[in-house]
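Here's the structure, in structure tokens; my notes come after.
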Amino acid sequence: MSKATQLIHSIPVDPLTGAISVPIYQTSTFVQEAPGKNKGFDYARSGNPTRSALENIIAELEQGSTGLAFASGLAAIDAVVKLLKSGDEILAVDDIYGGAFRLFTHIYEKFGIKVNYVDTTQVVHVVDALTPNTKLIWLETPTNPSLKISDIHAIAQAAKVYNKEILVCVDNTFASPALQTPILHGADIVVHSATKYLGGHSDLIAGLVITKTKELGEQIKFIQNASGAILSPHDSWLVIRGIETLHLRVAEHCRNAALVAAFLDGHPEVAQVFYPGLPQHQNHEIARRQQSGFGGIVSFSLHNDTEEAAKNVVCSTQLFKLAESLGGVKSLVCHPATMTHKSIPAEKRHAAGVSDSLIRLSVGLEDARDLIADLEHALQHAKTRTHKALQAV
């Protein structure tokens, strides 16, 4: 079966009633026939039928053994890091999501877990940074927000040669399982902010973890139950509802993003466009080999490489709404340096390629012609504002 057909039919029909939509089991506990004898569920923190349906669906989509659903993407990341102990090291991509950086640096480093940030687009950099204490390699591919691509297979292979106990975790939020299945490329763990493309409608917060092996899944399951950051039945149902149209939405996101990227690439106010689908992207060939599409996120920097210039642009769009998050049907624009990545020190942001003028677009499902016209207006309006400001000086 095709991925689209597999996706739709991985969502079960309710065996009790025949309901074609997964029921929402809005309950905190389950009646037991006798102490310890139940119908598979005893307390909703430990398991819920709606959440279990989502967990099984995402495990199948990601070609993994086990799926676990959490209250947020950061809760999912937190559960993975809890596999480690004091003295262990994480080797993480340098262009990392600001929330993950905050969690790693300000929470887990206090407990003795060291984090080394590396440009993972070059496998040699990863190999050179491995130490006997490296226990987890943390990849985002594509990265947020500069859309770097890492070769999952090559990194996983190199890691296992160095130490077969090293876990490779891939944040697959930007690509989604519609475009990329990291476990098939050698990853041990996949995480998602299901808030984004999997939910797809900007109406929920959710996180997912998928493991390659059942043993690793049991470890994450224990952490999920012990820590309690579970996804509610209603939000689980919302993610399932979003997954039903994932392939249709992602295909259109990709189509629109490619058109927007091509427009920006030729614009006189734009210094550089970051989109894996452009042939000049430094990792274009890896993306073409590793993904079945290039995604719906486009980032770009301005010739006027200042925070003020970027703010003039993001505050001048009409269709692109100024907001954090991504992956919804409505287009969003954000300024990472002052929004999503504000928690990362400026010198680290700049070193990872996140300039002060970098703007990130989550290209939605509107007509691409309207989105391009909106960006053209915003860029020209920002140029005029900047020119007037210089004249005033």
Side-chain angles (χ1 to χ4, degrees), residues 1-8 10 57-64 67 73 93 95 97 120-121 139-156 168-187 189-201 207-210 212 239 242-262 274-279 281-299 325-329 331 360-365 368:
M1 290 190 293
S2 71
K3 276 191 173 183
T5 303
Q6 177 193 356
L7 180 152
I8 290 170
S10 68
I57 291 165
I58 193 60
E60 184 174 341
L61 287 179
E62 285 285 8
Q63 301 290 299
V93 59
D95 179 23
Y97 163 54
T120 58
T121 62
L139 302 177
E140 294 176 19
T141 182
T143 61
N144 179 12
S146 65
L147 299 164
K148 295 177 182 176
I149 304 294
S150 296
D151 189 328
I152 300 169
H153 174 75
I155 290 172
V168 176
C169 181
V170 177
D171 186 330
N172 199 29
T173 299
F174 271 34
S176 88
L179 301 179
Q180 180 173 263
T181 45
I183 286 173
L184 297 184
H185 293 287
I189 305 171
V190 175
V191 300
H192 283 278
S193 172
T195 310
K196 313 304 192 298
Y197 286 106
L198 290 168
H201 293 78
L208 298 168
V209 176
I210 305 93
K212 183 177 183 178
V239 178
I243 286 175
E244 287 184 317
T245 60
L246 178 66
H247 278 79
L248 284 173
R249 288 186 290 103
V250 168
E252 190 67 6
H253 284 301
C254 290
R255 191 186 76 84
N256 279 354
L259 293 171
V260 167
F274 303 89
Y275 186 65
L278 292 175
H281 187 283
Q282 63 172 339
N283 310 123
H284 173 71
E285 289 303 319
I286 297 174
R288 192 173 66 172
R289 182 176 71 247
Q290 190 166 267
Q291 301 172 203
S292 59
F294 298 111
I297 307 299
V298 179
S299 295
S325 198
L326 55 101
V329 296
S331 293
R360 189 190 74 190
L361 303 175
S362 174
V363 182
L365 303 185

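Model, not experiment: these values are computed from the prediction. Just so you know, these numbers use all the heavy atoms, side chains as well, and skip hydrogens, waters and symmetry mates.
- For the pair Val260/Tyr275, no side-chain contact is recorded, criterion being any heavy-atom separation below 4.5 Å from C-beta on.
- Evaluation of the side chain to side chain donor-acceptor pair (under 3.5 Å) rule for Gln290 yields Gln180 as partners, not counting sequence neighbours.
- Between Phe294 and His281 there is no side-chain heavy-atom pair separated by less than 4.5 Å.
- The line from CZ of Phe174 to NZ of Lys196 is 8.0 Å long, rounded to the nearest 0.5 Å.
- Here Thr245 pairs with Arg249 under the side chain to side chain donor-acceptor pair (under 3.5 Å) rule; sequence neighbours left out.
- Just one residue in the list Thr181, Ile210, Leu139 forms a side-chain contact (heavy atoms from CB on, under 4.5 Å) with Val170, and that residue is Leu139.
- A donor-acceptor pair under 3.5 Å is formed between the side chain of Ser362 and the backbone N or O of Gly327.
- Distance check: Met1 CE to Leu7 CG gives 10.5 Å after rounding to the nearest 0.5 Å.
- For the pair Glu140/Asp95, no side-chain contact is recorded, criterion being any heavy-atom separation below 4.5 Å from C-beta on.
- Considering only heavy atoms from C-beta on, Ile286 stays 4.5 Å or farther from Thr141 through its side chain.
- The two atoms that bring Asn256 and Gly364 nearest to each other are ND2-O, 3.0 Å, heavy atoms only.
- Atom CD1 of Ile297 is separated from atom OG of Ser146 by 12.5 Å, given to the nearest 0.5 angstrom.
- The side-chain contact (heavy atoms from CB on, under 4.5 Å) test with Asn172 singles out one residue from Pro142, Pro182, Ser193, and that residue is Pro182.
- Ser299 places a side-chain N or O within 3.5 Å of a backbone atom of Pro145 that can act as its donor or acceptor partner.
- Glu244 is not listed as a side-chain neighbour of Ile8, based on a closest heavy-atom distance of 4.5 Å or more.
- Looking at heavy atoms from C-beta onward, Leu179 lies in side-chain contact with Cys254 at the 4.5 angstrom threshold.
- In this structure the side chain of Lys148 never reaches within 4.5 angstrom of the side chain of Thr120, judged on heavy atoms.
- The shortest heavy-atom contact between Ala178 and Ser292 is O-OG, 3.3 Å.
- Atom NZ of Lys212 sits about 11.5 Å away from atom CD1 of Ile189, to the nearest 0.5 Å.
- The one candidate from Val298, Leu147, Asn283 that meets the side-chain contact (heavy atoms from CB on, under 4.5 Å) condition with Pro276 is Leu147.
- For the pair His201 (side chain) and Gly199 (backbone), a donor-acceptor distance under 3.5 Å is present.
- Annotation: side chain of Ser176 is in contact with side chain of Leu246 (closest heavy-atom distance under 4.5 Å).
- In the displayed structure, His284 atom NE2 is contacted under 6.0 Å by more than 12 heavy atoms of other residues, nucleotides or ligands.
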